[in-house]
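Here's the structure, in structure tokens; my notes come after.
Everything quoted here is computed from the prediction, not taken from an experiment. For the single chain, residues carry numbers from 1 onward in sequence order.
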Amino acid sequence: MREIRQRRRIADSARHAALPLVPPCLAVILGLCLSTLPGVALFAQSPFDSPPPSASPFETPAGQDEPPAGIPQSGVSVNDISPWLRDVPIKTSRAGFLPEENELYYRVLAYARTADPQALREAAQEFLKQRWEQSKYKHLPVEKFPVYVDMYLDPQAYQGRPVIMTGHIQRAVVSDAGKNDFAIDQLCETWLFTDDSQANPTVVLSTELPEGFPVGEQAVDHVTVTGYIYRMYTYEARDTGRFAPVLMANRIDWTSPAAAKPDYSWITILLIGVGLAIFSLFIALTLHQQWLLDRESKRTPFEELNATPPESFGSDTKGSAKR
């Protein structure tokens with residue numbers, strides 16, 4: 001028994017000898033370090049591990065923690081929003097818009113409305129140049145490139161891309177917007193006709209119209225629209241169903257006839273007055289000179305005034321009186 005107890009004491013001594021002795025102050029420091037590890041891990045996390053909060057309504061709708069399923073978010077920029085439209089058919093046999101498009105419809109319209117106008121215009125001009133260089137119309141000036149014809153023949157290339165179109169509006173309708181998560185209260189639908197589209201319209205959708213813009217069935221000239229092509233819109237014509245590009249507008253530029261009248265400044269008025277005075281003086285001098293020439297031509301020549309009068313001048317020899 002004594003031998004067994006002695007063996008246990010030897011084992012316990014060996015076990016305690018194997019462990020290093022930790023000073024109390026070092027143990028306290030080690031404990032503090034272990035307690036701060038969760039905070040260090042939090043600050044060391046990469047900002048790309050989780051998406052930042054949405055900065056605009058089209059990134060995450062109000063009341064939703066995540067973007068709607070089925071709408072890709074990566075790769076969308078002011079130059080190209082086609083990743084959002086991957087699952088949207090470019091053409092449908094059904095007229096109008098489909099019910100399942102409702103969320104995406106307002107999402108794209110909200111993006112177009114809030115995009116930077118200058119950046120969008122530059123992106124549209126760059127895309128136009130690319131299409132012009134790849135087309136059979138390269139022999140024409142880029143300003144003469146038939147955007148509508150090219151878009152109608154290859155709508156897939158235009159879906160989600162920015163464009164600028166100029167023409168006249170034939171129809172403008174304003175209505176209340178449907179239920180949406182993007183704070184869009186009204187919808188403005190206009191039908192744009194360009195020189196190269198002839199009788200084929202482009203359906204322009206926006207959230208507002210320029211101040212004083214006529215609403216109804218009337219022609220409005222000199223309209224320029226910048227925005228994104230959504231897809232081809234199916235509508236019923238007199239003879240058959242037809243397709244029209246849908247453009248989600250960022251802005252509609254139009255100058256009313258009243259605003260188009262020239263606003264003359266006082267300097268301009270002064271210059272016009274001086275010009276009219278000089279012109280009037282020139283006319284007066286010309287007429288005066290002509291009058292002097294005419295009067296001179298009617299005078300008796302000086303040589304005739306000094307000539308000797310004829311002998312019979314002032315008397316009649318046959319009929320003279322006798323004294």
Side-chain angles (χ1 to χ4, degrees), residues 81-82 84-85 88-113 115 120 124 127-128 131 146-178 180 182 184-210 213-254:
I81 63 170
S82 60
W84 278 352
L85 308 178
V88 177
I90 192 67
K91 293 181 180 180
T92 62
S93 57
R94 179 177 173 179
F97 297 97
L98 307 179
E100 53 268 28
E101 293 182 78
N102 185 69
E103 196 278 338
L104 182 59
Y105 172 96
Y106 286 107
R107 174 182 290 268
V108 175
L109 186 58
Y111 185 95
R113 176 184 64 174
L120 183 57
F127 179 66
L128 170 64
R131 295 298 302 177
V147 176
Y148 187 93
V149 173
D150 188 54
M151 177 167 44
Y152 200 89
L153 295 176
D154 190 5
Q156 196 71 46
Y158 280 81
Q159 190 174 28
R161 304 305 298 271
V163 296
I164 300 176
M165 304 182 72
T166 299
H168 72 275
I169 296 292
Q170 191 64 40
R171 176 190 182 195
V173 179
V174 179
S175 60
D176 295 333
N180 64 90
F182 303 96
I184 295 177
D185 299 324
Q186 71 172 6
L187 296 175
C188 303
E189 176 187 329
T190 55
W191 289 51
L192 176 71
F193 296 84
T194 61
D195 291 339
D196 60 319
S197 73
Q198 298 181 6
N200 301 298
T202 296
V203 180
V204 179
L205 299 175
S206 62
T207 58
E208 61 181 359
L209 295 174
F213 195 91
V215 176
E217 302 283 346
Q218 56 180 307
V220 182
D221 296 324
H222 310 298
V223 178
T224 299
V225 181
T226 307
Y228 293 95
I229 297 299
Y230 179 68
R231 69 170 176 84
M232 301 297 282
Y233 178 88
T234 306
Y235 68 99
E236 295 294 333
R238 294 180 180 177
D239 50 355
T240 182
R242 294 188 178 183
F243 298 103
V246 175
L247 190 151
M248 300 289 194
N250 169 261
R251 60 183 293 125
I252 298 176
D253 295 316
W254 170 74

Test side-chain contact (heavy atoms from CB on, under 4.5 Å) applied to Leu247 and Val225, Leu192, Leu205, the passing residue: Val225
So that I know where these two stand, are Tyr105 and Phe97 an aromatic pair - ring centroids less than 6.0 Å apart? yes
Ring centres of Tyr158 and Phe127 under 6.0 Å apart? yes
Between the side chains of Glu101 and Tyr106, is a donor N or O closer than 3.5 angstrom to an acceptor N or O? no
Run the numbers on Thr234 and Arg94 for side chain to side chain contact (heavy atoms under 4.5 Å, CB included), then give the verdict. CA-CA 7 Å; Thr234 306; Arg94 179 177 173 179; over 6 Å; no
Side-chain ([X]) to main-chain ([Y]) donor-acceptor, under 3.5 angstrom:
{"X": "Ser197", "Y": "Asn200", "result": "yes"}
{"X": "Asn250", "Y": "Gly227", "result": "no"}
{"X": "Thr226", "Y": "Ile164", "result": "no"}
{"X": "Gln159", "Y": "Arg231", "result": "no"}
{"X": "Asp196", "Y": "Tyr148", "result": "yes"}

Just so I know, are the side chains of [X] and [Y] near enough to count as touching, which here means a heavy-atom distance under 4.5 Å?
{"X": "Val223", "Y": "Thr166", "result": "no"}
{"X": "Thr207", "Y": "Leu109", "result": "yes"}
{"X": "Asp185", "Y": "Asp176", "result": "no"}
{"X": "Tyr228", "Y": "Arg161", "result": "no"}
{"X": "Arg131", "Y": "Asp154", "result": "yes"}
{"X": "Arg171", "Y": "Glu189", "result": "yes"}
{"X": "Val203", "Y": "Thr190", "result": "no"}
{"X": "Leu209", "Y": "Val215", "result": "yes"}

Taking atom [atom1] of [X] and atom [atom2] of [Y], what is their separation to the nearest 0.5 Å?
{"X": "Ile252", "Y": "Cys188", "atom1": "CD1", "atom2": "SG", "result": "7.0 Å"}
{"X": "Tyr111", "Y": "Met248", "atom1": "OH", "atom2": "CE", "result": "14.0 Å"}
{"X": "Tyr230", "Y": "Leu104", "atom1": "OH", "atom2": "CG", "result": "4.0 Å"}

Pair Met151, Ile229 - check side chain to side chain contact (heavy atoms under 4.5 Å, CB included), show working. CA-CA 9 Å; Met151 177 167 44; Ile229 297 299; 3.4 Å; yes
Does the pair Phe213 and Trp254 meet the rule for a side chain to side chain contact (heavy atoms under 4.5 Å, CB included), with working shown? CA-CA 8 Å; Phe213 195 91; Trp254 170 74; 3.6 Å; yes
Least distance between heavy atoms, Pro201 atom then Pro245 atom: O-CD, 3.6 Å
Looking only at heavy atoms, the pair that brings Ala249 and Val204 closest together is CB-CG1, 3.8 Å
Parallel, tilted or perpendicular: rings of His168 and Phe193 (30°, 60°): parallel
